[in-house]
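Below is one structure, written out as structure tokens; comments come after it.
Residue numbers start from 1 in every chain, and the chains themselves are labelled A, B, ... in the order their sequence lines are given, proteins ahead of strands. What you see below is based on every heavy atom in this structure, not just the backbone, and it leaves out hydrogens, waters and symmetry mates.
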There are 2 protein chains.
Amino acid sequence: MSPNIVLIGAGNLATQLGSALKKAGFRIVQVYSRTRKSAEELALKLGCESTDSLGELARGAEVYLFSVKDDILESLLTQRSDWDSEALYLHTAGSMPMDVFRDKVQRYGVWYPLQTFSKYRTVDFAEIPCFIEGSSPEVLRQIRQLAQVLSTQVYEIDSAKRKHLHLAAVFACNFTNHLYAVAAEILQKQQIPFSVMLPLIEETVRKVGQLSPVQAQTGPALRYDRNVMNMQLELIKEHSDLQEIYRLLSVGIYKKNNNNDGKY
Amino acid sequence: MSPNIVLIGAGNLATQLGSALKKAGFRIVQVYSRTRKSAEELALKLGCESTDSLGELARGAEVYLFSVKDDILESLLTQRSDWDSEALYLHTAGSMPMDVFRDKVQRYGVWYPLQTFSKYRTVDFAEIPCFIEGSSPEVLRQIRQLAQVLSTQVYEIDSAKRKHLHLAAVFACNFTNHLYAVAAEILQKQQIPFSVMLPLIEETVRKVGQLSPVQAQTGPALRYDRNVMNMQLELIKEHSDLQEIYRLLSVGIYKKNNNNDGKY
């Protein structure tokens, strides 16, 4: 039988994970958020109760699933002293060690789905690599069973390694998305629609599915084409932060492809 | 009837463009490269002559297509004084103005395919946005006809705007690919295969097909989650360049999403 779940947090990840769990047949009994409106909005979507008070947290659920900002997680755990000792406590954060739960609850672990979540964009959980960790072999088995209902890719990983995984994700997703935003702004000033950039962006990604990123690298910095690089720096001369990003990434590209100093 | 074409350059772009032109029924008559081996290799692929001497360049072709490093283009054009006045001279460079041809040849223009090309990876030209410019309306028509044989997306753009387009492409493709390389190295040190990152990278791209990059942004820098950011900076403390990239991109993300100062 699918366990009853309480969701703690109502942000992007909680929204997507809650929806996927509900779709998979789990019963979400309650959503907690410090922001009443967020809790209500997600609870409405999931057809369950909501609360913005820790004291009103539903008792007797099998799983309490925390998807909140890292510093909030610690404070929530300490604000309450009578956590149910039978339940399973999970968080979904990349950089928070599993031990945040230690001495506060009995049975705990981590379920980290490696993906970028937005509130209004549904993702297919089946394709999301999930990284799990448990406070005991028995707990780990339970987490694995839970995660495998949603995803075909479930891997065990410890907290130390998960931190590096999260760091890599920040570079490969959050930072690349910001570079798309920079590109979009450059184009907007020239009245060129961002959509013309999509085939290039898509091919850049397809390449690293087949080649290593180092093999896939192209562009002026790889050739160290000073003419082009100086001219491009000139185009952004009024934006010193952007120039600095341009310089650092260009030097990084050149080094990584031309000698051992390129190793970070 | 399809015109005869001489390819000047034998790099990634010349290789892919030459192959696509041949497949579309054009006759490539010769490949020139300063490097004999490169010229021979591409000529073998295209079933045509090769040369590493400008003096041996085939005469009487309808199109001379330059795909070489920007500084090479200028020097090639000045090294020879008897360019055929009937032919069409094209370059494929994002940041080189069309006027590089002025006073050297009569009929000239630009055919800039916005894509990342590697020698051993075939791309579908039909999907590549191509940006063209011509020295006269008649020349522009001829270039458009040529480009439209390969691509369904052909746009006219002047040299000034094309520079910005190229700059945007460097951010959206070359720099993002380098961030993939950084992520791959972080993972490699933890014995985690880069492939676990692919669903995340692919979703990051799918998102900007539907949302603006600013709307699609996620991650610690967006929330300005100092705990996570400081911990991640600590993980790369031995790599000051990488720390600086991390800081600049994080500040950029935060500013762009929280106030007007984020505009570059």
(message) I want to check something: taking the side chain as every heavy atom from C-beta on, are B/Q217 and A/H178 in contact at a cut-off of under 4.5 Å?
(response) yes
(request) Look at A/L187, A/V214, A/T176, A/N177 and state which one has the largest set of heavy-atom pairs under 4.5 Å with chain B. (result) A/N177
(request) Please flag which part of A/Q210 lies under 4.5 Å from any non-hydrogen atom of chain B: side chain, backbone, both or neither. (result) side chain
(request) Among B/P113, B/S195, B/G219, single out the residue with the greatest number of heavy-atom pairs under 4.5 Å to chain A. (result) B/G219
(request) Evaluate whether atom CZ of B/R34 has more than 12 neighbouring non-hydrogen atoms of other residues, nucleotides or ligands under 6.0 angstrom away. (result) no
(message) Quick check for you: among B/A168, B/A160, B/A181, which has the greatest number of heavy-atom pairs under 4.5 Å with chain A?
(response) B/A168
(message) So for B/L114, is it side chain, backbone, both, or neither that comes closer than 4.5 Å to the heavy atoms of chain A?
(response) both
(message) Counting heavy-atom pairs under 4.5 Å with chain B, which one of A/V196, A/I157, A/L235, A/L200 comes out on top?
(response) A/L200
(message) Once rounded to the nearest 0.5 Å, what's the spacing between atom CG of B/L211 and atom OG of A/S118?
(response) 6.0 Å
(message) If we define contacts as heavy-atom pairs under 4.5 Å, which of B/E127, B/R223, B/R226 has the most with chain A?
(response) B/R223
(message) Distance alone, cut at 3.5 Å: any donor-acceptor contact between the side chains of B/T204 and A/T116?
(response) no
(message) Please tell me whether A/N12 and B/T218 have a donor and an acceptor in their side chains that are separated by less than 3.5 angstrom.
(response) no
(request) Name the option with the most non-hydrogen atom pairs under 4.5 Å to chain B; the candidates are A/M231, A/K161, A/K207. (result) A/K207
(message) With chain A as the partner, which of B/K69, B/Q153, B/M96, B/H166 has the greatest number of non-hydrogen pairs under 4.5 Å?
(response) B/H166
(message) What part of B/L222 gets within 4.5 angstrom of chain A, counting heavy atoms only: side chain, backbone, both, or neither?
(response) neither
(request) Please report the closest heavy-atom contact between B/V182 and A/K256, naming both atoms and the distance. (result) N-CE, 4.2 Å
(request) Specify which of B/S212, B/G94, B/S95, B/G209 makes the most heavy-atom pairs with chain A at under 4.5 Å. (result) B/S95
(request) With a 4.5 angstrom heavy-atom cut-off, could you sort out which part of B/A216 is near chain A: side chain, backbone, both or neither? (result) both
(request) Find the distance between CG (B/D158) and CD (A/Q190) and round it off to the nearest 0.5 Å. (result) 8.5 Å
(message) Looking at chain B, which one of A/M197, A/E238, A/R121 has the largest number of heavy-atom pairs inside 4.5 Å, strictly under?
(response) A/R121
(message) Counting only non-hydrogen atoms closer than 4.5 Å, does B/F194 touch chain A with its backbone (N, CA, C, O), its side chain (CB onward), both, or neither?
(response) side chain
(request) Specify which of A/Q215, A/E244, A/R206 makes the most heavy-atom pairs with chain B at under 4.5 Å. (result) A/R206
(request) Measure B/I192 against the heavy atoms of chain A and call it side chain, backbone, both or neither at under 4.5 Å. (result) side chain
(message) Please classify the contact of B/V208 with chain A as side chain, backbone, both or neither, using a heavy-atom distance under 4.5 Å.
(response) both
(message) Is A/L198 in contact with chain B via its backbone, its side chain, both, or neither, using a 4.5 Å heavy-atom distance?
(response) side chain
(message) Counting heavy-atom pairs closer than 4.5 Å to chain A, which one of B/A169, B/A184, B/A93 comes out on top?
(response) B/A169
(request) First locate atom CD of A/Q115, then atom CD1 of B/I201, and finally report the distance between them rounded to the nearest 0.5 Å. (result) 10.5 Å
(request) Assert yes or no for the condition that the ring centre distance of B/F175 to A/Y246 is strictly below 6.0 Å. (result) yes
(message) If I measure from the heavy atoms of chain A, does B/N227 come under 4.5 Å with its side chain, its backbone, both, or neither?
(response) side chain
(message) Tell me if a side-chain donor or acceptor on A/K163 pairs with a main-chain N or O of B/Q232 at a distance below 3.5 Å.
(response) no
(message) Side chains of A/F171 and B/L249, heavy atoms from C-beta outward: is any pair under 4.5 Å?
(response) no
(message) Does any backbone or side-chain atom of B/P220 lie under 4.5 Å from a heavy atom of chain A? Answer side chain, backbone, both or neither.
(response) both
